[in-house]
Engineer: 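Here it is: the structure, laid out below.
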Amino acid sequence: MILEALEQWVARPLKRAAQTAWQRQRLRRAMRRLLALPMGVAPERPLLAELRAAWGNDRCAADLDFLSEVARLAAVTLGPVLECGSGLTTLLLGALAGRRGVEVWALEHEPEWRRRVAAALRDHKAGQVYLWFSPLSDYGEFVWYAAPLPLMPDAFRLVVCDGPPAGTRGGRVGLLSLIGDRLPAGAVILLDDAAGDTEQHTLRRWMRDAPLVVALRQLPHGTLAELTRC
Ligand SMILES: C[S@@+](CC[C@H](N)C(=O)[O-])C[C@H]1O[C@@H](n2cnc3c(N)ncnc32)[C@H](O)[C@@H]1O
């Protein structure tokens, strides 16, 4: 009985605190390596895998293939970047685009999650990101972020579409309705989990509404869609 109580009230919280500290240290080391890369150079997969493991959000963080693609484009993009759904991808965008002086805007609807991501950006000096609290809002046909449109750039060159989360009415369809006129020719949208029913519906709608070239890549953990505005 006493041993059980000790385990519950002392050992377990201590173990959890030690794990958290170790994880934080691991992320610090991985972020240092990321920030040490020359400008314009994307991290290799082993470093991305280390960042992902250290970030420790297995359930929701983007998988390695998506992270690789985000990193590859973020390292070289010349214009503003928009991200929908923040997390590890936001750290990457800050480090690889924000640090080069490219404007990065990230929309996040969960206040607690936004706080965690903002703290990580600050702690690791990841580069300038406008991480905007944008509650999900009802636009009639779909639900999407209440984005601060008047403050945002007139044109985005890269969009990382990893939100709103599954189950949101209309899925991610709202992106093009609200931001479509800010995507010039050549702008790229990266859409994660593109094989799901909702995402397939989104892709069909987007292709109907805008001139887009769609490249689908079958990956071990899902399908990645890369859409280029014509
Ligand atoms: C697919 S996730 C975005 C993942 C992000 N792009 C990344 O690579 O880490 C979509 C949304 O899920 C929510 N989310 C992700 N992880 C969460 C967590 N551990 N706790 C609460 N909300 C979470 C956030 O609101 C986030 O914007």
Side-chain angles (χ1 to χ4, degrees), residues 16 19-20 23-24 26-27 30-31 34 42-43 45 47-75 77 81-98 104-121 123-124 126-127 129-137 142-148 156 158-175 178-179 188-199 202 219 221-226:
R16 220 172 296 130
Q19 260 169 357
T20 307
Q23 199 80 357
R24 206 170 284 151
R26 206 175 165 193
L27 184 59
M31 282 301 294
L34 176 67
R45 278 175 87 88
L47 177 51
L48 290 172
E50 182 57 28
L51 282 162
R52 192 176 188 282
W55 179 243
N57 186 31
D58 242 15
R59 193 171 52 87
C60 292
D63 68 29
L64 215 46
D65 295 301
F66 190 69
L67 292 177
S68 291
E69 208 48 22
V70 169
R72 186 179 73 78
L73 294 174
T77 189
V81 179
L82 173 66
E83 175 181 65
C84 309
S86 67
L88 181 54
T89 40
T90 321
L91 290 183
L92 277 180
L93 292 172
L96 298 170
V104 179
W105 287 72
L107 306 178
E108 177 52 58
H109 72 286
E110 285 276 353
E112 264 314 305
W113 187 246
R114 187 199 162 278
R115 259 192 287 279
R116 174 174 167 186
V117 178
L121 284 167
D123 289 353
H124 301 294
V129 174
Y130 300 107
L131 174 54
W132 210 267
F133 171 57
S134 309
L136 295 181
S137 182
F142 54 79
V143 167
W144 206 70
Y145 300 97
F156 288 101
L158 173 63
V159 180
V160 175
C161 186
D162 202 13
T168 304
R169 184 157 58 78
R172 293 164 182 186
V173 95
L175 169 71
L178 291 162
I179 306 287
V188 172
I189 303 173
L190 285 180
L191 175 67
D192 202 7
D193 306 324
D197 285 350
T198 320
E199 283 71 24
T202 297
L219 302 166
H221 300 289
T223 303
L224 164 68
E226 191 165 320

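First listed ligand is number 1; within each ligand, the first listed atom is number 1. Since we're looking at a predicted model, the values are computed, not measured. If you read the sequence from its start, that first residue is 1, and numbering goes on from there.
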Engineer: Could you give the N/O to N/O pairs under 3.5 Å linking ligand 1 and the protein, each with its distance?
Structural biologist:
unit_1   : atom_1 : unit_2 : atom_2 : d
ligand 1 : 6 (N)  : G85    : O      : 3.1
ligand 1 : 6 (N)  : T89    : OG1    : 2.7
ligand 1 : 6 (N)  : D162   : OD2    : 2.8
ligand 1 : 8 (O)  : A62    : N      : 3.2
ligand 1 : 8 (O)  : T89    : OG1    : 3.3
ligand 1 : 9 (O)  : L88    : N      : 2.9
ligand 1 : 16 (N) : N57    : ND2    : 2.9
ligand 1 : 19 (N) : N57    : OD1    : 3.0
ligand 1 : 25 (O) : E108   : OE2    : 2.6
ligand 1 : 27 (O) : S86    : N      : 3.4
ligand 1 : 27 (O) : E108   : OE1    : 2.6
ligand 1 : 27 (O) : E108   : OE2    : 3.4

Engineer: Is there a donor-acceptor pair closer than 3.5 Å between any side-chain N or O of Q23 and the backbone N or O of A54?
Structural biologist: yes
Engineer: Check whether more than 12 heavy atoms from other residues, nucleotides or ligands sit under 6.0 Å from atom CZ of R24, and answer yes or no.
Structural biologist: no
Engineer: Which heavy atom in I179 sits nearest to a heavy atom in W144, and how many Å separate them?
Structural biologist: CG1-CH2, 3.9 Å
Engineer: Side chains of E108 and S134: do they bring a donor and an acceptor to under 3.5 Å?
Structural biologist: no
Engineer: Can you tell whether the side chains of D58 and R52 come within less than 4.0 Å, N to carboxylate O?
Structural biologist: yes
Engineer: I'd like to check the side chain to side chain donor-acceptor pair (under 3.5 Å) partners of D65; sequence neighbours left out, ordered by chain and number.
Structural biologist: R45
